[in-house]
> 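Starting off with a structure, shown below.
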Amino acid sequence: MHNVRELTLRGMILGAFITVIFTASNIYLGLKVGLTISSAIPAAVISMAVLRFFPGSSILENNMVQTQASAAGTLSSMIFILPALLMVGYWQSFPFWLTFAICASGGMLGVLFTIPLRQVMVVKSNLPFPEGVAAAEILKAGSDAENNATTKADNEGLKDIIFGGSIAAVVSLLTNGFKVVADGTAYWFSHGKSIFQIPLGFSLALLSAGYLVGIMSGIAILIGNIISWGFAIPILSSLTDYPSNASLADVAMGLWSKDLRFIGAGTISIAAIWTLLTLIKPVYQGLKNTLTTLKSEKSFNNIDRTEQDLSPKTILIIMASMLVILFITFHSFIADSGLSSGIGWTLVVCSVLFAFFMGFLIAAACGYMAGLVGSSASPISGISIIAITVIALLFLGLGKINGMLSTAEGEHFITALALFTTSAVLAVATISNDNLQDLKTGYLVKATPWRQQIALLLGVVIGAIVIAPVLDILYHAYGFSGATPRANMDPKQILPAPQATLVATIAKGIFSNQMEWSMILIGLAIGAVIIVIDLCLAKTNSKFRLPALAVGMGIYLPPLIITPIFIGSLISWFVSRRANKLSSNIEHQRKAEQKGALIASGLIVGETLVGVILAVIIVISSSSSNNNSPLALNEYMQAIFGTNSIIVEQFIGLMIFIMICFAFIRRALSALKKEL
């Protein structure tokens, strides 16, 4: 394999193209629901389907493409924090160079921090690395062991992605573009003063996200939603004095905004803290291994190709360059505040050192979490909550010492700086969460680690270029919760950006001493109970677990988002169960599950990319008029059906959703029927 092509120009170009698509897709999905998906598997399938038309393509070249493109599913998680700078009113848009620099420098540090952990976590550990192993199996299935010739598997996989993408694109156009199909429905009712609702969302992207997270996470999210909307909202509304003629939906969502989401924040926080506590031992081992490896130059020389990482010298040069960029970036951010140079440089040094050292500690934890539960299921959003809390408390002390918090302008700035510093830590965390997953794939297909690490660094840079413009387009087209740029914007189109909203609320609450601590403490108590239940389930060797982070997300997210996620997880469970009944061959069962995952990836990409394209159309059209829905045809529906048009749109949306669910199951199981 020494002469086999691996890191090639054509592969890097293809990887860059896939990175742009999946970064834009994940940004939209993350702002809508607070979840991002791993792009490694669909990227591997697309790569195999495209590169087969070029001479000399190989499994190693395809692996490099998916390695580079996988940065899209991870660096796009920066939307968990960056929109918060708009929500606190510090930014009015996303400055390209500041956004690019913080994403690229933090992300590249995330790659570098996890390189020395490869031996202890990838090569010598028993961590499952679910997405890394799955990507390796797809790559192996698409290549012949004898001559690296591709098979029909890659074509079938690409067809599945196109199948899902085409369906989702059409439905999204009808729903969000033409507005002739509803994206969900909810029946609100009250018992006494207690408010209840029966919801159902029709989003295919959320359906697919549920399929990918699986039945255990789906049930946990549903339990969280039942806690919040089956108990908390009815109790809170029964204690609230609201007019009898008030909109039940408005009252309930007001309670969600004011109280309920803080309960979810408390649950998410304790779940993330518990996860980090369980990782103390592997984090210590990883740090110990890092220091040992960096002292030994011979570890990088005169060894087999499949064991060659970037050399310590190269790592240190790139790391020093990233530190310089971080210093320049934070200085640029702080220079606009008008602070004296002494205080300004103090804040620059504190911000950079905190981002660097906290990022270094988190890198090992994130790498271990990704190896344990996968990149998509790893609690990155929980880490952002912990990071903003620690950073805000640190800056609160500094602000009191130098008197910055004595003015409203100073409090506003220090809040924004805490958020910006957290974004650097999150960039390190997201890439650390992905890097070892890719290195596991490379280890299984016998790739060259240092070439993979270069591909990841390149993927980070390309992803960082895309983030600011896509965020700007989505912001000006749809708006984010709490940061709407135009008064006449359609409130139904606003993207909730749940994590960014929560992080902004925590930061403002700490600096203004207006945090809803009572609700957060309730959330902490609920999270503690869930953790105890999960530990009891683990001791009984039960296959079912109750991840506290998923329960916290269920408490935090609205029901219209939760229902399609849960239905998607049910489809995942049904496909797996049905596959087990139809065949006892594990390989056959795995093909059905992989086919479903590719269809789900296609559905997500189709819906989210149409959302981004529609945002471009809205921004262009609204610049010359006040029309925020330039493609809308719903007025024709109203002309035909009158006051019943909304019911008709909801009925059509429900029927389409049900038919697609059945088509999803049928196509996923078709892979198994071909084998029988």
Side-chain angles (χ1 to χ4, degrees), residues 33-35 80-81 83-84 87-89 194-195 197 220-221 223-240 242 249-275 379-393 396 411 415 418-419 422 480-483 494-531 547-562:
V33 65
L35 295 172
F80 293 165
I81 183 71
M87 294 168 183
V88 299
S194 298
I195 299 174
Q197 71 161 312
I221 290 173
I223 289 173
N225 212 238
I226 291 172
I227 291 172
S228 58
W229 291 87
F231 293 96
I233 287 294
I235 292 171
L236 291 172
S237 58
S238 69
L239 300 174
T240 302
Y242 61 88
D250 290 343
V251 173
M253 293 308 296
L255 291 171
W256 172 84
S257 177
K258 179 177 177 293
D259 297 318
L260 185 59
R261 58 186 179 141
F262 289 99
I263 297 177
T267 306
I268 292 171
S269 297
I270 195 170
I273 292 170
W274 173 252
T275 302
I380 288 296
S381 57
I383 286 175
S384 67
I385 292 172
I386 294 172
I388 186 59
T389 303
V390 174
I391 292 170
L393 291 174
L396 182 65
E411 181 182 307
T415 303
L419 292 169
T422 304
F480 303 153
S481 179
I494 290 177
L495 297 170
Q499 281 93 345
T501 304
L502 178 58
V503 168
T505 304
I506 291 173
K508 288 191 293 185
I510 289 175
F511 287 110
S512 63
N513 294 316
Q514 295 178 350
M515 184 72 76
E516 291 286 345
W517 290 112
S518 60
M519 293 297 163
I520 289 178
L521 290 174
I522 292 173
L524 291 172
I526 292 173
V529 171
I530 298 298
I531 289 170
L549 187 73
V551 175
M553 290 299 293
I555 294 173
Y556 186 82
L557 294 172
L560 278 177
I561 289 176
I562 295 300

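Since this is a predicted model, take the numbers as computed values, not measurements.
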> Do you know which two heavy atoms are closest between L419 and A84, and how far apart they sit?
CD1-O, 3.8 Å

> Which heavy-atom pair separates I494 from F480 by the least distance, and what is that distance?
CG2-C, 3.6 Å

> CD1/I270 to CD1/I530 distance, rounded to the nearest 0.5 angstrom?
11.0 Å

> Among all residues two or more places apart in sequence or in another chain, which pass the side-chain contact (heavy atoms from CB on, under 4.5 Å) test with L255?
I233, L236, S237, T240, V251, D259

> Do the side chain of S194 and the main chain of P234 share a donor and acceptor less than 3.5 angstrom apart?
yes

> With rounding to the nearest 0.5 angstrom, report the CD1 to CG distance, I391 to L396.
13.5 Å

> Does G523 offer a backbone N or O that forms a donor-acceptor pair with the side chain of T267 under 3.5 Å?
yes

> Kindly compute the distance separating CD1 (I223) from OG (S228), expressed to the nearest 0.5 Å.
12.0 Å

> Please report the closest heavy-atom contact between M87 and A504, naming both atoms and the distance.
CB-CB, 4.0 Å

> Once rounded to the nearest 0.5 Å, what's the spacing between atom CD1 of I522 and atom CD1 of I263?
5.0 Å

> So which atom in N225 and which in P558 form the shortest heavy-atom distance, rounded to 0.1 Å?
ND2-C, 4.2 Å

> If every non-hydrogen atom of I531 is compared with every non-hydrogen atom of A271, which pair is closest and at what distance?
CD1-CA, 4.4 Å

> Taking side-chain hydrogen bond (donor to acceptor under 3.5 Å, both in side chains) as the definition, give me every residue that meets it alongside T505, ordered by chain and number, with sequence neighbours left out.
R261

> Does the side chain of W229 reach to within under 4.5 Å of the side chain of L260, using non-hydrogen atoms?
yes

> Looking only at heavy atoms, what is the nearest atom pair of I562 and G554, with distance?
CD1-CA, 4.0 Å

> If I take atom CD1 from residue I555 and atom CD1 from residue I226, how far apart are they, to the nearest 0.5 angstrom?
11.5 Å

> With sequence neighbours left out, what residues match A220 under side-chain contact (heavy atoms from CB on, under 4.5 Å)?
L546, P547, A550, V551

